[in-house]
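Written below as structure tokens is the structure these notes are about.
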Amino acid sequence: MGMYAELRVAQWVVGKALAPVADGVLGAWAATKNFGPNVEALSTELLLVKATLEQAAHKELGGPAMEMLLQKLRESGQIAEDLLDELDYFRIHDELHGTYEAADEHGKGCVRNLALNARHTVKAVGKLVNCCAWQHATHRQRSRNNPSSSSNVNQEVSGCMPKFGKLLPLSSSPHPHVGDDDRGNEQETPKLEFNRVDFSRRMKGIVEKLQFMRNEINKILIHCEPRPVLDITQSRPITKGRIDEPKLYGRDHVMNSIIHDIIEGQYCDKSVTVIPVVGPGGMGKTTLIQHIYRSQQVQNHFPVMIWICVSLSFNLDKVLDQIKTCTPAVVKEKVGSTTEDLIEQRLKSKRFLLVLDDIWQISNGDDWGKLLSTLNKSEKKGSMILVTTRFQAIAQKVETSGHSIKLNGLESKEFRKLFLAFVFGDEQYPRDKHFLLETGDKIMEKLKGSPLAAKSVGRLLSKDLSLRHWKRVLESKEWEKQTADNEIMPALKLSYDFLPFHLQQCFSYSGLFPEDYHFGSHELIGLWVGLDILIPSGQNQTFEDIGLSNLSDLVVHGFFREEGTDGDLWYVMHDLLHDLALNVASHDCLSLRLSDVGSMEIRSSICHLSISTYDFGEYAVSCENLKSEMEGLKTRFKVEHLQTLMLFGEMDEGFVNIFSDFFGEVNTLCVLHFPNMLCPVESMLHNFSGLLHLRYLCLGTDESQMHLPLIISKFYHLRILDLRLWDGRRDLPEDMSNLAKLCHFYVPSDDQLHSDIYNVGKLKLLEELKVFQVNKKSEGFEAKQLEHLTKLRELGMYNLEKLDTTEEAAQAKLMEKKYLRSLTLDWDSKRSSVEPGAEAAVLERLQPHEDLQVLCIRGHGGSSCPTWLGDELAVEALQSLWLDGVSWEVFPSLGKAWDLRKLRLENISGLKEVIMEKSFCMLVKLELIGLGSFEKWVYPAELEASLDGEQLPADTHMFPFLQVLMIEDCPKFLEFPISNHILYPNWFPKLQKLQIHDCPEFSSVIHISWIESLRHVRIRQVKVLKEFTYSKSSDGAELEIVGEGYLHRLDQVLVFDKEIGYPKQSLQRLSIRNSRAFLSSFSRHSFPSSLQFLELVGVEDLGTLEPLSNLYFVTELTVCWCGEDLKCQGLQSLLTTGGHLRELKVLGSPGFFADWDPNPRRALENVEVGEEQHTQLVSSTLRKLYTDDAAGLLSAPICSFLSSSLTKLELSGHVTEGMEHFSKEQEDALQLLSSLEELAFLCLPVLQQLPVGLHNLTNLKVLSISECLEVSSLPKDGLPKSLQELHVAHLCSRELIQQCMGLVGTIPTIRTYY
């Protein structure tokens, strides 16, 4: 860690240490308990230290000694924080339990105080100079070895003054579960003891230590010069337009696309266009732009070309000066013109290319607009500005083209070429260096496609082409130690140095998570909260607000990448950035893999530790060695000073046996993360009950019988309790409400643990209470418990039928909860009786604050909506509304809910129509489910009057922002309120997902152009349609249509453009079933040429395959039950002359192959063609064929045509079930299929014998026979020697099966089924 980084950390630690006394509560309490002077002296000294550090920040500091002094000062500040933290713990305990261990509260004067001091003095002398106020750890360790030792120790401590000796209990009342049979082996809840005199001595000692170090540092600061203002740009290389890397790897497509758009594409006829190229450091942004800049096409296109390396500070005057310098002067320039005027004169009639490389920030927001204003004066179209930056925010600010070019890691194949070029000077391994291949591949995987990493590490490897060197580089990640400016780590660290200090902390501590970890925001924020990184700057800010803001900033700066969707969002850190995080935090953070225990460089100052146990199984056989290595690890840093402990992977019994002793002395943890426990946490941390500093606790298990630790309710400083992954017993301690500082209690998905918090009203800082069951018990669950929970952001109130009076409802004081954003109000749908009047009155009194955003009302038995949700809408900020199972006759109009984004109406039997309010214009998601009486949509009265009976105009945007529309189980729903029952894209321009299920009367027709604009459509069980599914992804689109008996033509459900026909855009898979007159909906070619898969079932007007002749890319074709007269004309074009058909299935057309002669010479007998063309035409692409037209297929011309390609043939009898024998011609034709590897005879119930000559199929590996009851034997001339598998199954004769079983041993695999 650098000098000033150490200084900032010391300032942060001292600031944290002052936190317990900042509000004066601890000081006021201590002042009445004979600790006032101690606390005052320590807080004053901490303030002086803070002031000293602030002064040091403005001085020029240097030398390792000064850095060590600051580190020692930081460590002393941490001790001071722990002391005040412990004292505050006892303050909280006194308030909760009325105990008097810390000081006299009985008012018995000097005698009482003297006695207390005397007792504690005796304890202090008896213990000599014990350095910790908590004595329980040693006692507990002894008690494991000697059951009687606990009482002996107690006598030893307090025996001299038995009247005053007392242990402070950690539980004010017995836990309800203690004594249960299933907790029979659990130890009694431990007790903690507070040593008054020892504590006072320790406070005095740390004050003296801080004072001494502060004075010494002040003496040094007197002789230090003021610190100069450093410019980060001094360390940035100046880039130029010349090409530094002669070959561009993996970016050719991007480069060519940009050049095309610039010269002859979308930008060539526009005014100045700005294209930003954005990506992390080392991704090759500058290299890409250099190759574009030096392209001959680009050079010829732009008379004026300017390259400016901007770096940290975007200085408008400097940029304009450089543009002026690089721009050729013109005749008759005005003397005395400003820089802007000169640029305008010089560029007025010239097309220019300006590169602004490496922009980090634009401090003055107007500067960019001023630059564009100057450059836009050019009259020549097609000028360009190319910008490179690491920051998405910069890209969004400067782009004019509507998008930016995002560079991530190179694709693996291209990265491999680049990497090898840097190592060997060539893109291939030399033959004599092949032994390096495996290790090299592992190194490449670590670098995740970073071009700069390839260059940096490649050069490192090229110095020594030995396996030993390469393995050392891999295992020790030696690239982290390179310090030159053009190496990967310094390049990435520059981005880190640019971050403000609070973001540096957030990023660096995130390295405690394993590589390639998918972070949930709650995990990151939990860690940051536990380490006191997030400091609210105002009363309205919560830890989560600050954490999400910091996380967003780190995403913008490129340190995290978002993945998933808003509903399921997670964050990923590039491996190289993970290395950087551990590198910059190496002074106090250690992320340990078991394989690295003996080899890692570990500093004595480590206080944050994570261990990955994923590879523990590899070490299970050498547990003693691992245990020995861990013991050695204890000598390299002080385990007892750990503030963070995180385990990733299983914590099983074997792991506990090795590590429990290692962690036996841990007592200052603030963060504990054990998400996958197979053993109780107490077995791992013997001192678990003494972790009084815990701020963040995460416990998880899959062991259904594991109990929650009773002690968690005694961690009074706990701010976040994460039990999301807890699948054990749900037995919360009854005194959970003692955790007065708890902000977040994350629970498993059923949210049931929230409902078990007794006296939850004491948790005044709690931000989510997803399930509160009103009057669950006779006391502790009343509605008034919610009165003081003013910080709540999410609340679910259940069993509201148990609220007997409106007064009880009013006690919840929902209207006063100004931070509440999500509210669920639930009446049990299975309640025995409903009182509409009482329930209506209760709901009226449960009016929330006006800023509520998400509301769910379920099971309410009143006759109308509350007034605060109706015409007198009081929750105008509402963004999401879910009404489920309400009995209302009067529904909210929601005309004032202009911010409503999501609406869900479910299981409401009385709702007949949905009024399309003007406020629905902001809807993003609309769900209508289980509305038994819902028939139609209607317009609001004023719009209905203006239309005067006319339908909505075709260009009207009914729901301009709607992305998801779901209508399910609405048996009377007929149609959308649109003209001619046709849905056009204009009505739902943003829609991405449409689902309509189980609406048997629905009959609206959808325009195909609208389907193309969506990503997912599923319509099931509606009129004339059994299934309609459409999905679109980056790989293309897929459409499946399955009709019911009433579907005769496809245009009953889809409207097509008669000229264009089916959608052409990227449709790759199409399935049409049960549309008899499909082709009558089209003209010209009926199918898009992009298809790769086509299935037609029950399309009876097909006739031939000529309509498919344009499907050059189709690889799989299924044509079933498409008319008995269907012929194969048109098939040949799919199999030759550029066709790609690999798999064909034809059923239900008995004459499909009849009289087909695919011989191309005969087809072209009147055309002069070269021999080369003949060869190309006779080559078939078909590999798999399934057909029931065996009679038509098995002809010499057809089998000759297919002989070179067909590897699998399945002959079935769906139509030819009357076939008894194969003719001699058919048997001979079958033998022509020399490439066959799999052959099957299926559903041929009257076939008497298999064809002879099968033994001539010398490549046959698999033969299957099924449902051929009359076939009693295999061919007399035998089976081919190449056969590997023989399958006889389902309705085959016993004789055949017995004969096959007799071949066991001659054929590797024989499977028979009766």
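Heavy-atom basis, side chains included; hydrogens, waters and symmetry copies ignored.
- Across all non-hydrogen atoms, the minimal contact from L582 to S591 is CD2-CB, 3.7 Å.
- Contact record, R729 with W726: O-NE1, 2.9 Å, taken as the closest heavy-atom pair.
- The backbone N or O of M677 lies less than 3.5 Å from a partner atom in the side chain of T701, making a donor-acceptor pair.
- Here CG of D82 is found 6.0 Å from OG1 of T668. Values are rounded to the nearest 0.5 Å.
- When ring centroids are compared, Y89 and H693 stay outside the 6.0 Å threshold.
- Listed for the H578 side chain is a donor-acceptor partner under 3.5 Å among the backbone atoms of F513.
- With a 4.5 Å cut-off on side-chain heavy atoms, P709 and E682 count as touching.
- Interatomic distance, CD of Q71 versus OG of S76, reported as 10.5 Å (0.5 Å rounding).
- The shortest distance between side-chain heavy atoms of D588 and Q643 does not fall below 4.5 Å.
- Residue V13 comes nearest to G77 through the heavy atom pair CG1-C, 3.7 Å, listed as atom of the first residue, atom of the second, then distance.
- Take S200 and apply the side-chain contact (heavy atoms from CB on, under 4.5 Å) test, not counting sequence neighbours, and it matches F35, N38.
- We find the CZ-CG distance between F745 and L718 to be 9.5 Å, quoted to the nearest 0.5 Å.
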Evaluation steps, side-chain contact (heavy atoms from CB on, under 4.5 Å), between L84 and L46: CA-CA 11 Å; L84 291 173; L46 286 170; 4.1 Å; yes
Residues E75, K638; criterion salt bridge (charged side-chain N to carboxylate O under 4.0 Å, His left out); working and verdict: CA-CA 12 Å; E75 292 171 355; K638 296 179 180 179; over 6 Å; no
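- Nearest heavy atoms, M651 versus L647: SD-CD1, 3.7 Å.
- Put simply, the side chain of L742 does not reach to within 4.5 Å of the side chain of L765, judged on heavy atoms.
- Across every non-hydrogen atom of L723 and P748, the tightest pair is O-CD, 3.2 Å.
- When every heavy atom of H754 is checked against every heavy atom of K770, the shortest pair comes out as ND1-N, 2.9 Å.
- Residues satisfying the salt bridge (charged side-chain N to carboxylate O under 4.0 Å, His left out) criterion with E544, sequence neighbours excluded, are absent altogether.
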side-chain contact (heavy atoms from CB on, under 4.5 Å) evaluation trace for I712 with L739: CA-CA 9 Å; I712 57 176; L739 302 180; 5.6 Å; no
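- In this structure, I92 and H717 have side chains that are in contact, with non-hydrogen atoms separated by less than 4.5 Å.
- In this structure, Y517 and F519 have perpendicular ring planes: the angle between them is above 60°, well past the 30° mark.
- Look at R695 and D85 and you find a salt bridge, because one of the NZ, NE, NH1 or NH2 atoms lies within 4.0 Å of a carboxylate O, short of that distance.
- Residues N687 and V666 fail the side-chain proximity criterion, which asks for heavy atoms closer than 4.5 Å.
- Remark: E81 pairs with K16 by the salt bridge (charged side-chain N to carboxylate O under 4.0 Å, His left out) rule, at least two apart or across chains.
- From L721, atom CG reaches atom CE of M736 across 5.5 Å, with rounding to the nearest 0.5 Å.
- Counting heavy atoms from C-beta outward, L685 and L672 have side chains that approach closer than 4.5 Å.
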Test side-chain contact (heavy atoms from CB on, under 4.5 Å) applied to H93 and N738, step by step: CA-CA 9 Å; H93 195 280; N738 287 345; over 6 Å; no
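- Checked by atom type, the side-chain pair S713/D735 shows a donor-acceptor distance below 3.5 Å.
- One finds the NZ atom of K764 at 13.0 Å from the CG atom of L766 (value rounded to the nearest 0.5 Å).
- Residues L534 and F543 meet the side-chain proximity criterion, which asks for heavy atoms closer than 4.5 Å.
- D532 has a carboxylate O that lies under 4.0 Å from a charged side-chain N of R719, or vice versa, which qualifies the two as a salt bridge.
- By the salt bridge (charged side-chain N to carboxylate O under 4.0 Å, His left out) test, D702 is found to be paired with no residue, residues two or more places apart in sequence or in another chain being considered.
- In this structure, S508 contributes its side chain and V584 its backbone to no donor-acceptor pair below 3.5 Å.
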Worked verdict on L531 versus Q505 for side-chain contact (heavy atoms from CB on, under 4.5 Å): CA-CA 10 Å; L531 296 176; Q505 286 186 296; over 6 Å; no
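- Here Y571 pairs with nothing under the side-chain hydrogen bond (donor to acceptor under 3.5 Å, both in side chains) rule; sequence neighbours left out.
- Residue F688 forms a ring pair (Phe, Tyr, Trp, His ring centres under 6.0 Å) with just one option from F715, F663, F674, and that option is F715.
- The CD atom of E640 sits 11.5 Å away from atom CG of L669, with the distance rounded to the nearest 0.5 Å.
- Between R74 and L70, every side-chain heavy-atom pair lies at or beyond the 4.5 Å cut-off.
- The salt bridge (charged side-chain N to carboxylate O under 4.0 Å, His left out) search around D88 returns R91, K741, not counting sequence neighbours.
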